[in-house]
K.L.:
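This is the structure I have questions about; it appears just below.
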Amino acid sequence: MIAQLTFAYLAGAIILLSLLVISTKNPVHSVLFMLLMFFHIAGLYLTLNAEFLAAIQVMVYAGAILVLFLFVVLLLNLKEEVAVKRFVVRWQYGVASALAFFLFAILALQSFVAGPKGTITPELIKAETNTKVIGRILYTEFLYPFEIVSAILLIAIIGAVSLAKKRLRSEQ
Amino acid sequence: MIPLQWYLWLSAAMFAIGIAGFLIRRNIIIMFMSIELMLNAANVSLVSFGHHLQDMRGQILVFFIIAVAAAEAAIGLAIIIALFRNRTTTYIDEVNEMKG
């Protein structure tokens, strides 16, 4: 019963906050609603026995990515945003396609059949801790993708610096 | 024990809200945040699948998605800053040189 109530609270809060994210006038409020939503998603991960991901969600999403968003919003100083119109001209089509996707996803989920269960039971996680299990699989089975992710992050750093830096006078 | 379907419905709803936000907002920063919303919806479904099927690969995929989202946020915000420097706007319907 408590599990259902927790899920209902978290799901309701996530839906409400994400609706606020896409509908508020002020981008700063939008970012702050998103921050609150990420905390609720971290709470949802805790109910799914994913403590490591809950911590990563708070640290990377709430701590790094949203601060980056907030910096850009404040840097661009969009004062007139509150006055101008928020939505594109044909916003009805956007809402209609989102609703169509939602209906399609719900209908497709009806025919979902779960495969055989794996070996990582909750008892094993309880005995060995979530982080240790993740680390063991990440550094053995997924070592190669892990290295590729490090390359992606390096490329992102280089790309962000070269895109956002001011052009030198000699280059123009 | 909460059924898997509930988590998947929540994920589908989040993804739909992300699609709507991406399509209807004029501000490119909010559109970008909608992309993050959609990535989070995928993360929620992956974690719930992993929990339900008692497999750790779902959580590892989420780990990779978070890393890619961080890279994407850095690149995307750099693009927004470059756009703002050239056009002094963050509204995508005012950036229409390509007549797309």
Side-chain angles (χ1 to χ4, degrees), chain A residues 3-4 7 11 14-15 18-19 21-22 27 30-31 34 41 44-45 48-50 53 56 60-61 64-65 68-69 72-73 76 78 81 86-88 91 93-95 97-99 101-102 105-106 109 114-115 117-121 133-134 137-138 142 145 149 152-153 156-157 159-160 163-164, chain B residues 1-2 4-10 12-27 29-30 32-34 36-37 40 43-44 47-48 50-57 59-60 62-64 66-75 77-82 84 90-91 93:
Chain A
Q4 269 92 338
F7 177 82
I14 288 170
I15 299 284
S18 44
L19 282 174
V21 166
I22 65 162
S30 209
V31 174
M34 193 123 189
I41 290 177
L44 198 69
Y45 288 167
L48 288 165
N49 291 339
L53 282 181
I56 289 288
V60 176
Y61 264 117
I65 294 182
L68 207 61
F69 271 99
V72 171
V73 171
L76 301 187
L78 305 164
E81 168 76 4
R86 283 168 279 175
F87 303 118
V88 294
W91 59 271
Y93 295 135
V95 175
S97 44
L99 281 176
F101 169 81
F102 183 64
I106 294 290
L109 281 179
K117 295 208 171 191
T119 51
I120 315 286
T121 57
V133 177
I134 286 188
I137 299 174
L138 189 63
F142 286 87
V149 162
I152 289 175
L153 286 172
I157 295 170
L163 274 171
Chain B
M1 189 66 192
I2 299 160
L4 175 68
Q5 294 281 334
W6 292 15
Y7 287 103
L8 298 181
W9 286 335
L10 171 66
M14 280 170 69
F15 201 96
I17 293 170
I19 292 176
F22 184 79
L23 290 178
I24 67 177
R25 287 300 294 243
R26 293 174 67 224
N27 194 331
I29 297 173
I30 310 278
F32 207 61
M33 281 163 61
S34 303
E36 300 288 334
L37 197 62
N40 266 283
N43 284 353
V44 167
V47 173
S48 53
H51 178 70
H52 186 77
L53 298 174
Q54 300 185 347
D55 202 321
M56 214 36 120
R57 292 189 182 89
Q59 294 190 22
I60 288 173
V62 170
F63 181 79
F64 290 146
I66 289 177
V68 171
E72 176 236 345
I75 297 277
L77 289 170
I79 290 174
I80 291 174
I81 288 180
F84 191 76
T90 57
Y91 298 119
D93 48 3

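Values in this document were obtained by computation on a predicted structure and should not be read as measured data. Chain letters run A, B, ... following the sequence lines, proteins first, then strands; residues in each count from 1.
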K.L.:
Under 30°, 30 to 60°, or over 60°: which ring-plane class applies to B/W6 and A/F7, parallel, tilted or perpendicular?
P.N.:
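Tilted: the ring planes of B/W6 and A/F7 meet at 30° to 60°.
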
K.L.:
Could you state the interatomic distance from CD (B/Q59) to CD1 (A/I137), rounded to the nearest 0.5 Å?
P.N.:
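It is 9.0 Å, given to the nearest 0.5 Å.
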
K.L.:
Of all of B/Q54, B/E72, B/H52, B/M56, which one pairs up most often with chain A through heavy atoms under 4.5 Å apart?
P.N.:
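When all of B/Q54, B/E72, B/H52, B/M56 are compared, B/Q54 has the most.
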
K.L.:
In terms of heavy-atom pairs under 4.5 Å with chain A, which of B/V68, B/L23, B/D55, B/I81 leads?
P.N.:
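Counting heavy-atom pairs under 4.5 Å, the top option is B/L23.
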
K.L.:
Check the pair B/N40, A/I14 against side-chain contact (heavy atoms from CB on, under 4.5 Å), reporting the backbone distance first and the verdict last.
P.N.:
CA-CA 11 Å; B/N40 266 283; A/I14 288 170; over 6 Å; no

K.L.:
About how many Å separate CH2 of B/W9 and CD1 of A/I15, when rounded to the nearest 0.5 Å?
P.N.:
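With rounding to 0.5 Å, CD1 (A/I15) is 13.0 Å from CH2 (B/W9).
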
K.L.:
Roughly how far apart are B/F63 CZ and A/L138 CG, rounded to 0.5 Å?
P.N.:
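Those atoms lie 5.5 Å apart.
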
K.L.:
Heavy-atom distance under 4.5 Å between the side chains of B/I80 and A/L76, does that happen here?
P.N.:
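They are in contact (side-chain heavy atoms under 4.5 Å apart), so the answer is yes.
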
K.L.:
Between B/N43, B/L4, B/D93, which shows the greatest number of heavy-atom pairs under 4.5 Å with chain A?
P.N.:
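Result: the option with the highest number of such pairs is B/N43.
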
K.L.:
Looking at OG of A/S18 and CE of B/M33, how far apart are the two atoms once the value is rounded to the nearest 0.5 Å?
P.N.:
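If I round to the nearest 0.5 Å, the distance is 11.0 Å.
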
K.L.:
Examine whether an atom of B/Y7 lies under 4.5 Å from a heavy atom of chain A, and if so say whether it belongs to the side chain, the backbone or both; otherwise answer neither.
P.N.:
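For B/Y7, the contact with chain A is made by backbone and side chain together.
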
K.L.:
Would you mind checking which part of B/S48 comes under 4.5 Å of any heavy atom in chain A, side chain (CB onward), backbone (N, CA, C, O), both or neither?
P.N.:
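Contact with chain A involves both backbone and side-chain atoms of B/S48.
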
K.L.:
Just verifying a value: how many Å separate A/L68 CG and B/L77 CG, rounded to the nearest 0.5 Å?
P.N.:
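The CG atom of B/L77 is 5.0 Å from CG of A/L68, to the nearest 0.5 Å.
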
K.L.:
Under 4.5 Å between any side-chain heavy atoms of A/F87 and B/R26, yes or no?
P.N.:
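A side-chain contact is absent here, since even the closest heavy-atom pair is not under 4.5 Å.
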
